[in-house]
Protein chains: 2
Amino acid sequence: MELQTFLPYRLAVLASAVSQSISAVYADRFALSRDEWRILATLAENPEMKTTEAAAHTTLDKMQVSRAVASLEARGLLEREPDESDRRNRILKLLPAGRALFRRIEPMAEAREAFLLEALDDEERAVLDRALDKLLARARQLERQG
Amino acid sequence: MELQTFLPYRLAVLASAVSQSISAVYADRFALSRDEWRILATLAENPEMKTTEAAAHTTLDKMQVSRAVASLEARGLLEREPDESDRRNRILKLLPAGRALFRRIEPMAEAREAFLLEALDDEERAVLDRALDKLLARARQLERQG
DNA sequence: TATTGTTATACTCTATAACTATA
DNA sequence: TATAGTTATAGAGTATAACAATA
């Protein structure tokens with residue numbers, strides 16, 4: 001076995017390098033954590049979400065969401081509203097400042113993603129797209145088995 | 001922009017799930033950290049390495065290597081020898097217990113990697129292989145630019 | 001003066017679980 | 001009794017830099 005060709009190692013190295021290059025946009029320039037960035041991006045797409053829905057959409061657990069949301073709220077980027085249909089829930093909504101911040105970050109993040117994908121032709125992108133989904137399904141299966 | 005299809009997000013989620021499912025082998029059963037596992041695997045391939053070489057081969061920095069090596073040494077899995085040609089260096093070598101431990105873990109780790117890759121046909125694997133390399137090269141380019 | 005490797009420190013993340021409130 | 005969300009806590013991992021030994 002060779003570490004350099006071991007798929008889990010290669011994915012870890014790639015994900016870390018890609019994360020570094022993207023977090024340069026949201027973390028270094030706008031002081032957002034990765035979790036905060038995920039919440040912001042998800043709420044920009046889905047204007048209202050419950051905390052549990054946000055967790056599911058961002059692959060974060062409920063305390064990660066709770067902390068990221070508290071921090072975004074403290075910065076005036078989002079608000080938490082009560083859910084009258086079930087008062088245990090809280091509805092998350094971006095405030096105008098949050099939407100504005102996302103609109104500033106989004107094009108830079110997309111430009112970096114586009115730069116990465118320029119390395120691949122259309123067919124390679126299509127295969128990669130499928131392969132990532134299939135690998136994730138298998139990895140989840142292994143996770144469940146332990 | 002949709003988080004679910006954003007490549008950096010997808011890579012992070014996949015790498016994390018894959019890492020979880022592989023670390024179940026070396027961490028849960030053999031109490032190795034990810035860094036220790038990388039050092040062990042690298043030394044199993046390359047019987048003698050300097051600390052800096054080990055760092056380069058594992059994508060770890062010098063303190064991560066220093067700490068992982070100290071821990072492996074404390075467990076009697078490897079030894080550090082002086083390098084007479086340049087006495088600032090230390091030569092890392094697995095001890096028999098380290099090689100034996102790696103031989104126990106390796107087949108399980110490879111079985112899990114194989115299970116993941118069974119999701120893909122030969123052509124998909126070949127494309128994935130190339131795509132990961134190309135994406136890494138681009139990500140490194142972005143990292144350098146900042 | 002530069003490099004190898006170790007150690008110190010503070011900081012961030014993560015994981016577990018206890019807790020409040022609602023259902 | 002179960003669920004949504006918050007908070008507390010301890011442990012692990014990370015980043016920076018200071019440091020000793022050698023070149």
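All chains are named by letter (A, B, ...) in the order of the sequence lines, taking the proteins before the strands, and each is independently numbered beginning at 1. Just so it is clear, the model here is predicted, and its values are computed rather than measured.
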TODO: Between B:S85 and A:K62, name the one whose nearest nucleotide on DNA chain D is closer to the 5' end.
DONE: A:K62
Task: N or O in side chain of B:R90 less than 4.0 angstrom from C:dT6 OP1/OP2 - done: yes
- [ ] Round to a whole Å and report the spacing from CD1 of B:I91 to C1' of C:dG5.
- [x] 13 Å
TODO: Please tell me which of B:A70 and A:S33 maps to the more 5' nucleotide of DNA chain C, matching each residue to the nucleotide holding its nearest heavy atom.
DONE: B:A70
Open item on the list: What is the distance, to the nearest angstrom, from the CG atom on B:D83 to the P atom on D:dA23?
Closed with: 9 Å
Task: Protein-nucleotide distance (A:R88, atom CZ; D:dA2, atom C1'), rounded to Å - done: 8 Å
- [ ] Quick one: pull up OH in A:Y9 and CD1 in B:I22 and give me the separation to the nearest 0.5 Å.
- [x] 14.5 Å
TODO: Remember a base hit wins even if backbone is also touched, and classify B:D86 as base, sugar-phosphate or nothing at under 4.0 Å, heavy atoms.
DONE: sugar-phosphate
- [ ] Find the distance B:L78:CG to C:dG5:P and express it as a whole number of Å.
- [x] 14 Å
Task: Polar side-chain contact A:R87-C:dT22 base: donor and acceptor under 3.5 Å - done: no
Task: Interatomic distance, B:E84 CD vs D:dT22 P [rounded to whole Å] - done: 11 Å
Task: Whole-Å gap separating C1' (D:dT3) and NZ (A:K50) - done: 12 Å
Open item on the list: With a 4.0 Å cutoff (strictly under), does any side-chain N or O of B:R80 reach OP1 or OP2 of C:dT6?
Closed with: yes
TODO: Could you state the atom-to-atom distance from CZ of A:R38 to C1' of C:dT14 in whole Å?
DONE: 14 Å
Task: Candidate pair A:R138 and B:L117, rule side-chain contact (heavy atoms from CB on, under 4.5 Å), full reasoning - done: CA-CA 9 Å; A:R138 289 246 160 183; B:L117 287 169; over 6 Å; no
Open item on the list: With a cut-off of less than 4.0 Å, is there a side-chain N or O of B:N89 near OP1 or OP2 of C:dG5?
Closed with: yes
Open item on the list: Taking B:L94's backbone N and O only, do any of them form a donor-acceptor pair with B:R99's side chain (distance below 3.5 Å, no angle check)?
Closed with: yes
Task: Closest nucleotide among C:dG5, D:dT14, C:dT14 to the A:Q64 side chain - done: C:dT14
Task: Side-chain N,O (B:T52) to OP1/OP2 (C:dG5) below 4.0 Å - done: yes
- [ ] State whether the side chain of A:R75 and the backbone N or O of A:A97 hold a donor-acceptor pair below 3.5 Å, judged by distance alone.
- [x] no
- [ ] Please tell me which of B:M63 and B:Q20 maps to the more 5' nucleotide of DNA chain C, matching each residue to the nucleotide holding its nearest heavy atom.
- [x] B:M63
Open item on the list: I want to check one thing: is the phosphate of D:dT14, taken as OP1 and OP2, less than 4.0 Å away from some side-chain N or O of B:R67?
Closed with: no
Open item on the list: How many whole angstroms separate atom CG of A:D61 from atom C1' of C:dA17?
Closed with: 12 Å
Task: Under-4.0 Å salt bridge between B:E143 and B:R140 - done: yes
Open item on the list: Does D:dA4 have its OP1 or OP2 closer than 4.0 Å to a side-chain nitrogen or oxygen of A:T51?
Closed with: no
